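Values in this document were obtained by computation on a predicted structure and should not be read as measured data. Just so it is clear: chains get the letters A, B, ... in the order the sequence lines come, proteins before strands, and each one is counted from 1.
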Amino acid sequence: MGVKKTDIVLLDDKGIRCDGRKIDEPRNIMIKAGVLKNANGSAYIEFGENKILAGVFGPRDVHPKHLANTDRGILRCRYHMEPFSVSERKNPAPSRREIEISKVIKEALEPAVMLENFPRTVVDVYIEVLQADGGSRCAALDAAAVALADAGIPMRDMVSACAAGKVADTIVLDINNEEDQEGQADMPVAYMPNLEKVTLLQLDGVLTPAEYKKCIETAINGCKIVYEIQKKALKDKFFGDMSP
Amino acid sequence: MNVSIIDDLRKKKILALLKDGQRVDGRALDEPRPLVIDTGVIPKAEGSARVRLGDTEVVCGVKIQPDKPFPDLGDRGIFICTAEVLPLADPNVETGPPNEEVIELARVVDRGIRESHMIDLTKLVLTKDKSVIGIFVDNTVTDYDGNLFDACSYASVASILSCKVPKWEIKNDAPSLVPDSASAPPITTIPVSVTMGRIADTIIVDPNADEWKCMDARMTITTNSEGNICAVQKGGDDGFTFEQLVKCSELSIATGAKIREILKQVPGGNAC
């Protein structure tokens with residue numbers, strides 16, 4: 001898992017990070033909607049070195065039946081990493097980490113999905129991490145939200161996610177793998193850009209109260225950048241590639 | 001989710017009271033329930049505590065033993081914190097593998113203590129890359145009345161503060177116990193977790209079981225002795241505005257400072 005302590009310079013005196021980015025610059029993000037034939041909705045995302053597929057099924061009958069809700073639909077989410085997605089082979093069985101991430105992703109998407117329209121049904125969101133880099137839960141969420149929209153499921157808003165963190169005593173946008181290992185704090189955030197609500201927030205690492213505020217604001221700005229890319233992916237699918 | 005009529009009525013009552021700034025058990029919005037901590041309750045464990053947060057009760061034990069370090073972290077000891085909700089704690093708990101809520105509970109409690117660097121793990125190395133001291137903190141919830149996050153966190157911190165670390169020497173490449181030489185653990189800070197619920201536009205500290213059922217969203221923030229934030233976890237099926245997140249951080253720092261004073265008084269504690 002972890003990398004040995006190295007002497008990499010996380011932030012040089014010109015404010016350039018170890019992968020050449022500025023402090024407020026996200027990694028390269030590419031999203032494609034509608035990539036699977038059988039799923040009702042799907043999306044593929046490349047977010048830095050992350051390569052993630054998301055597929056959505058439903059609304060459909062609930063199995064097992066006792067999970068069904070009479071007044072609203074339920075959302076189920078599975079975040080799963082392939083054994084080959086990381087440097088050392090990962091056991092394919094779901095780890096405790098993956099179960100927790102599945103739960104927080106489900107809770108981040110749920111406020112956006114109008115489940116009250118579909119009582120007694122389930123919407124299943126399956127996320128497969130083909131290659132993992134830092135920030136895989138945010139990238140996974142971005143793909144899952146596009147896949148939900150691609151499936152035509154009524155939503156109040158898009159859900160866009162991006163992390164911020166603290167590296168070399170500076171708040172930076174979109175932590176990569178090295179910065180996650182060597183940095184001081186990592187804060188993944190998911191945000192509904194039109195309703196202005198944070199639906200996922202986690203933090204590992206020590207921040208002062210002022211840094212905590214700045215970190216949330218930085219991450220929200222990143223979510224807004226991701227939101228534009230998500231919208232473009234959906235427009236490209238339904239209206240054809242409109243880029244000049 | 002099977003919502004009974006009683007649950008529905010109770011929820012209406014809780015919501016109506018909150019509109020007037022009142023809580024169902026008479027507490028102020030930012031007031032945690034009474035916290036009672038007994039330490040040394042399990043003499044066979046190197047540290048232990050029984051914590052009551054209102055009617056939520058947790059028993060926690062610390063076991064300390066030599067272990068192999070993690071391959072990439074040969075220069076520090078091992079810290080692992082777990083949590084389990086016992087079937088005798090609540091009629092809805094089933095035996096069997098832990099569900100996602102219990103897994104989240106254990107991971108959030110572990111993260112708060114780990115990320116605060118409460119224990120200086122670099123002081124727990126016997127032979128670098130070969131042999132280190134492992135500190136295992138296991139929480140068992142024995143009675144449920146909501147907010148297990150904070151109850152387990154306080155039980156873990158109290159157990160760690162009151163534990164004694166036995167001494168081992170390396171003889172013939174294996175750790176050998178030195179009798180009667182246990183010492184205080186290397187404590188650097190006291191992390192305090194504060195869990196808040198948002199019900200409509202109101203944020204309450206330390207929700208009890210009835211309030212827990214009515215929450216739109218949840219926030220657990222752990223702060224350290226310097227009043228800095230070291231771990232956050234949002235939960236629940238709705239979100240928070242930026243202003244609410246800032247309010248939660250302020251509440252967690254203010255409430256955390258009061259709880260930290262209680263934890264410092266723990267009998268047999270080694271508080272810094």
Side-chain angles (χ1 to χ4, degrees), chain A residues 1-5 66-72 74-75 77 88 94-104 106-113 115 157 159 181 185-192 195-213 215-217 220, chain B residues 1-3 8 70-75 82 97-108 110-112 114-117 189 191 198 216-246 248-250 252-254:
Chain A
M1 293 276 280
V3 184
K4 274 267 175 200
K5 282 252 182 248
H66 69 88
L67 294 176
N69 225 329
T70 48
D71 56 347
R72 57 191 275 118
I74 60 170
L75 185 66
C77 183
E88 265 179 54
S95 65
R96 292 166 68 87
R97 173 182 172 275
E98 287 166 285
I99 292 169
E100 185 203 340
I101 292 180
S102 301
K103 180 171 188 283
V104 295
K106 183 220 133 207
E107 290 173 344
L109 292 169
E110 179 135 358
V113 184
L115 292 164
D157 198 352
V159 182
Q181 304 283 339
D186 178 20
M187 178 192 272
V189 172
Y191 185 65
M192 295 195 288
L195 297 173
E196 301 183 350
K197 259 189 185 177
V198 172
T199 64
L200 178 148
L201 178 68
Q202 293 182 290
L203 167 70
D204 297 353
V206 180
L207 297 176
T208 65
E211 286 169 340
Y212 164 84
K213 275 188 225 171
C215 212
I216 298 176
E217 286 171 327
I220 287 176
Chain B
M1 296 278 170
N2 294 311
V3 181
D8 234 13
F70 292 117
D72 52 338
L73 293 168
D75 57 352
T82 75
N99 63 22
E100 58 174 25
E101 281 177 31
V102 177
I103 289 176
E104 184 188 28
L105 167 67
R107 288 179 61 85
V108 169
D110 180 284
R111 194 176 301 147
R114 184 182 301 278
E115 295 298 331
S116 74
H117 305 290
T189 192
R198 179 174 71 71
D216 295 305
R218 187 193 85 224
M219 183 68 66
T220 300
I221 302 184
T222 305
T223 53
N224 64 17
S225 298
E226 286 76 48
N228 291 328
I229 294 163
C230 40
V232 174
Q233 179 95 344
K234 176 253 161 190
D237 292 334
D238 202 352
F240 287 88
T241 64
F242 177 72
E243 290 71 29
Q244 287 165 344
L245 292 176
V246 173
C248 285
S249 71
E250 290 163 357
S252 72
I253 292 167

**Request:** Return the minimal non-hydrogen interatomic distance between B/Lys234 and A/Glu107, and the atom names on each side.
**Result:** NZ-O, 3.3 Å
**Item:** Minimum heavy-atom distance between A/Pro111 and B/Asp237, given as atom pair plus value
**Value:** CG-O, 3.5 Å
**Request:** Check each atom of B/Asn224 against the heavy atoms of chain A and say whether the ones under 4.5 Å are side chain, backbone, both or neither.
**Result:** side chain
So how far is it from [X] [atom1] to [Y] [atom2], rounded to the nearest 0.5 Å?
X: A/Leu203; Y: B/Cys230; atom1: CG; atom2: SG; result: 8.0 Å
X: B/Asn228; Y: A/Leu207; atom1: CG; atom2: CG; result: 8.0 Å
X: A/Lys213; Y: B/Ile229; atom1: NZ; atom2: CD1; result: 9.5 Å
X: B/Thr222; Y: A/Asp204; atom1: OG1; atom2: CG; result: 10.5 Å
X: B/Glu104; Y: A/Glu100; atom1: CD; atom2: CD; result: 6.0 Å

**Prompt:** So, B/Asp238 and A/Lys197, do they make that salt bridge, N to O below 4.0 Å?
**Reply:** yes
**Message:** Between B/Glu115 and A/Gly205 (side chain of the first, backbone of the second, donor and acceptor by atom type, cut-off under 3.5 Å), is there such a pair?
**Reply:** yes
**Prompt:** With only heavy atoms counted, which part of A/Leu200 is less than 4.5 Å from chain B, the side chain, the backbone, both or neither?
**Reply:**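 Contact with chain B: backbone only.
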**Message:** Does any backbone or side-chain atom of A/Val198 lie under 4.5 Å from a heavy atom of chain B? Answer side chain, backbone, both or neither.
**Reply:**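 Both backbone and side chain.
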**Message:** Which one wins on heavy-atom pair count under 4.5 Å against chain A: B/Arg107, B/Gln244, B/Glu100?
**Reply:** B/Arg107
**Message:** Heavy-atom pairs under 4.5 Å with chain A: which of B/Arg114, B/Gln233, B/Glu226, B/Met219 has the most?
**Reply:**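 Top option by heavy-atom pairs under 4.5 Å: B/Gln233.
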**Message:** If you apply the rule side chain to side chain contact (heavy atoms under 4.5 Å, CB included), what do you find for B/Leu245 with A/Tyr212, and how did you get there?
**Reply:** CA-CA 10 Å; B/Leu245 292 176; A/Tyr212 164 84; 3.8 Å; yes
**Request:** For side chain to side chain contact (heavy atoms under 4.5 Å, CB included), just list the numbers for A/Glu196 and B/Phe242, CA-CA rounded to whole Å, side-chain angles, deciding distance to a tenth of an Å, and then say yes or no.
**Result:** CA-CA 8 Å; A/Glu196 301 183 350; B/Phe242 177 72; over 6 Å; no
**Side chains of B/Ile253 and A/Pro209 in contact at under 4.5 Å (non-hydrogen atoms)** =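 Yes, at least one pair of side-chain atoms sits under 4.5 Å.
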**Request:** For each of A/Ile220, A/Leu201, A/Thr199, tally heavy-atom pairs with chain B at distances under 4.5 Å, and name the one with the top tally.
**Result:**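 Highest number of pairs under 4.5 Å: A/Leu201.
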**Asked** What do the steps show when you test A/Lys103 against B/Ile103 for side chain to side chain contact (heavy atoms under 4.5 Å, CB included), and what is the final call?
**Response** CA-CA 10 Å; A/Lys103 180 171 188 283; B/Ile103 289 176; over 6 Å; no
